[in-house]
There are 2 protein chains.
Amino acid sequence: MVQAPDASAALEHPARPPGSSAGEFELIARHFRRPASRALLGVGDDCALLRAVPEQQWAVSTDMLVEGRHFLAGTDPRHLGHKALAVNLSDLAAMGAQPHSFLLALALPAADDAWLSAFSAGLFALAEAHDIELVGGDTTRGPLNLCLTVLGLVPPGMALRRDAARAGDDLWVSGVPGEARLALGHLRGEWTLGPDALEQVLPRLEQPTPRVALGLALRGLAHAAIDLSDGLLGDLAHVLRASGVGAEVLADALPGGRVLPTQPEARRRACQLAGGDDYELLFTAPRARRAEVQAAAAAAGVPVNLIGNVDGEPGLRLRDAAGRSIAADFPSFDHFAQP
Amino acid sequence: MVQAPDASAALEHPARPPGSSAGEFELIARHFRRPASRALLGVGDDCALLRAVPEQQWAVSTDMLVEGRHFLAGTDPRHLGHKALAVNLSDLAAMGAQPHSFLLALALPAADDAWLSAFSAGLFALAEAHDIELVGGDTTRGPLNLCLTVLGLVPPGMALRRDAARAGDDLWVSGVPGEARLALGHLRGEWTLGPDALEQVLPRLEQPTPRVALGLALRGLAHAAIDLSDGLLGDLAHVLRASGVGAEVLADALPGGRVLPTQPEARRRACQLAGGDDYELLFTAPRARRAEVQAAAAAAGVPVNLIGNVDGEPGLRLRDAAGRSIAADFPSFDHFAQP
């Protein structure tokens with residue numbers, strides 16, 4: 001078949017007729033282009049340009065959110081804008097890095113002005129709260145997918161790494177792990193929460209709070225840190241493996257908040273230990289600096305709890321309040337495992 | 001319905017049973033984790049850590065590739081690994097930036113070892129050729145989507161920006177724009193190429209060559225630059241708008257290579273002027289430095305052609321070899337336009 005090509009480009013669909021509205025470039029400009037203040041050059045060129053920052057290291061991370069996997073279809077786009085940035089800021093928090101800038105790549109099934117307006121409102125509200133600047137991005141048509149890349153700054157030697165836990169460290173966690181999973185179970189119909197309980201836990205799933213201030217406060221104080229995205233025990237296992245140590249976790253020392261203690265024990269434990277989507281910080285710090293950790297967390301305005309200790313015996317030992325061993329049969333989250 | 005949660009995490013599916021193989025973490029480790037040399041800390045922590053580079057600015061860019069839109073379903077995963085990085089390197093080239101490091105976020109419908117093996121082979125072959133290091137990433141299950149973020153370095157004031165074209169500049173292009181679109185038309189059944197012609201143009205679509213060496217050679221020499229992803233006229237329009245200038249393009253001065261001149265004129269012009277997916281550099285440079293541009297391109301091993309000139313009259317004027325005006329009715333590529 002021989003025919004002239006349409007006046008279109010590449011693999012994609014025909015181009016917008018000149019003068020039509022709501023094209024890609026207009027959409028990007030309308031919702032995402034803001035004056036660059038920190039960047040020398042922001043959204044709109046082939047690359048963003050960032051000034052050299054003397055004597056600071058860059059922390060960079062990328063996280064992709066897929067509909068049906070990281071958020072339910074029909075999620076409020078304002079919450080989604082918040083969450084997409086929050087989970088990325090959480091990675092900076094877990095390194096003790098100061099947020100600097102981010103890039104956003106977005107695949108959308110359609111260019112929906114109302115959706116983009118709400119999404120960008122949620123995104124920029126959190127960005128402004130953390131003084132992080134959007135410097136670049138990409139928009140394309142496709143199944144809904146949000147891919148963010150964040151850049152942060154940390155002084156040399158101050159990053160909170162996964163491989164820095166030491167035998168003798170205390171094991172700490174921020175916030176209330178498990179509430180996000182409890183909310184998800186309700187949305188999925190696995191169980192039913194009352195309206196008060198749901199109101200308490202739903203924001204933990206939909207609009208998690210990245211613990212940036214805590215990460216910064218723990219610089220020079222904590223040894224290792226990780227953010228809880230895949231469930232406490234699974235994420236702890238990453239730290240233990242990377243650091244070549246073991247740990248004992250006191251399951252009943254995990255903070256329960258108002259709602260989890262009202263739940264059946266099996267459900268409560270599963271949510272707390274293997275729930276995922278918490279975006280709290282799990283970290284280790286020397287026992288001798290316990291009071292300093294508490295003071296740093298208080299200064300950051302983030303509740304922290306001591307939930308166990310790091311030791312030299314490989315593996316993870318889980319005990320209840322009576323000191324009884326609980327089987328640690330809560331495997332790590334895995335995106336590709338078969339049901 | 002009240003039931004205990006499975007021992008799984010978050011919105012995703014149940015976790016991998018302990019000891020099972022081919023889980024997410026093993027897959028990532030097997031195919032993507034390489035020893036960090038440039039990064040202080042590479043794949044495997046919450047963030048990568050990059051050393052401060054004194055007196056250099058960072059160029060950062062993100063590009064998302066979606067199946068069916070940026071590549072056809074069933075594309076050889078080795079070619080896809082090459083292309084996903086190539087289109088991102090092309091953004092660094094267009095800024096005159098030296099590639100430094102990149103992050104890869106990947107949504108896959110299934111964890112397919114053979115696919116990942118071929119994809120990573122194509123990706124790393126190009127990464128090694130350009131001395132760019134994978135420092136972080138994310139893997140999840142979902143409709144096939146590749147989102148890369150690249151970081152490069154450029155000395156202050158040396159970046160090739162879109163807004164720096166000046167009246168009186170020459171207008172240059174590298175390589176042979178249009179060959180990728182010609183290959184795509186064959187694959188789509190819009191026309192049929194003979195085997196020799198296809199063999200010539202198909203690699204331009206499947207394995208484009210990012211013009212990194214040319215971008216570096218043009219530092220301090222070119223004024224403005226952009227990479228051709230959405231079609232020559234559309235991308236040129238971005239430069240003209242950002243720079244507040246106009247241009248005259250001599251359509252018959254566009255290099256045709258071996259295959260395009262054998263095609264009907266309408267098809268040839270459409271491919272050359274609005275094809276897209278070229279990943280060539282379009283740039284402007286002072287007329288007085290024409291010989292230097294030619295020498296720089298020769299040193300970089302990249303053919304360049306003079307295709308027009310920048311002037312102060314807003315808009316874009318297209319002429320043929322006889323000086324006749326051709327209507328510039330090849331609109332810019334737009335990902336969200338309706339057919």
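Naming convention: chains lettered A, B, ... in sequence-line order (proteins, then strands); numbering from 1 in each chain. Heavy atoms only: backbone and side chains are in, while hydrogens, waters and symmetry mates are out.
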Could you tell me which of [options] has the largest number of non-hydrogen atom pairs under 4.5 Å with chain B?
options: A:A48, A:P143, A:A105; value: A:A48
options: A:L160, A:V150, A:I226, A:D278; value: A:I226
options: A:V53, A:L65, A:T62; value: A:T62

Using only atom types and a distance under 3.5 Å, with no angle test, would you say the side chain of [X] pairs donor to acceptor with the backbone of [Y]?
X: B:S101; Y: B:L151; value: no
X: B:D138; Y: A:M64; value: yes
X: A:R162; Y: A:H238; value: no
X: A:R141; Y: A:P109; value: yes
X: A:D230; Y: A:D235; value: no
X: B:R161; Y: B:A224; value: no

Of A:L148, A:T149, A:L104, A:L146, which meets side chain to side chain contact (heavy atoms under 4.5 Å, CB included) against A:N88? A:L148

At a heavy-atom distance under 4.5 Å, which candidate from [options] has the highest pair count against chain A?
options: B:D163, B:L49, B:V66; result: B:L49
options: B:P54, B:G152, B:P156, B:G137; result: B:G137
options: B:A97, B:G185, B:A94, B:A242; result: B:A94

With a 4.5 angstrom heavy-atom cut-off, is it the side chain or the backbone of [X] that approaches chain B, or both, or neither?
X: A:A225; answer: backbone
X: A:A59; answer: both
X: A:V60; answer: both

Which answer fits [X], side chain, backbone, both or neither, if we ask what part of it has an atom under 4.5 Å from a heavy atom of chain A?
X: B:L92; result: both
X: B:A180; result: neither
X: B:V135; result: side chain
X: B:V154; result: side chain

For B:K83, is there an ion pair with B:D277 - N to carboxylate O distance below 4.0 angstrom? yes

Using the side chain to side chain contact (heavy atoms under 4.5 Å, CB included) rule, take A:V239 and A:F283 through it: C-alpha gap first, then chi angles, then the decisive distance, then the call. CA-CA 9 Å; A:V239 172; A:F283 60 97; over 6 Å; no

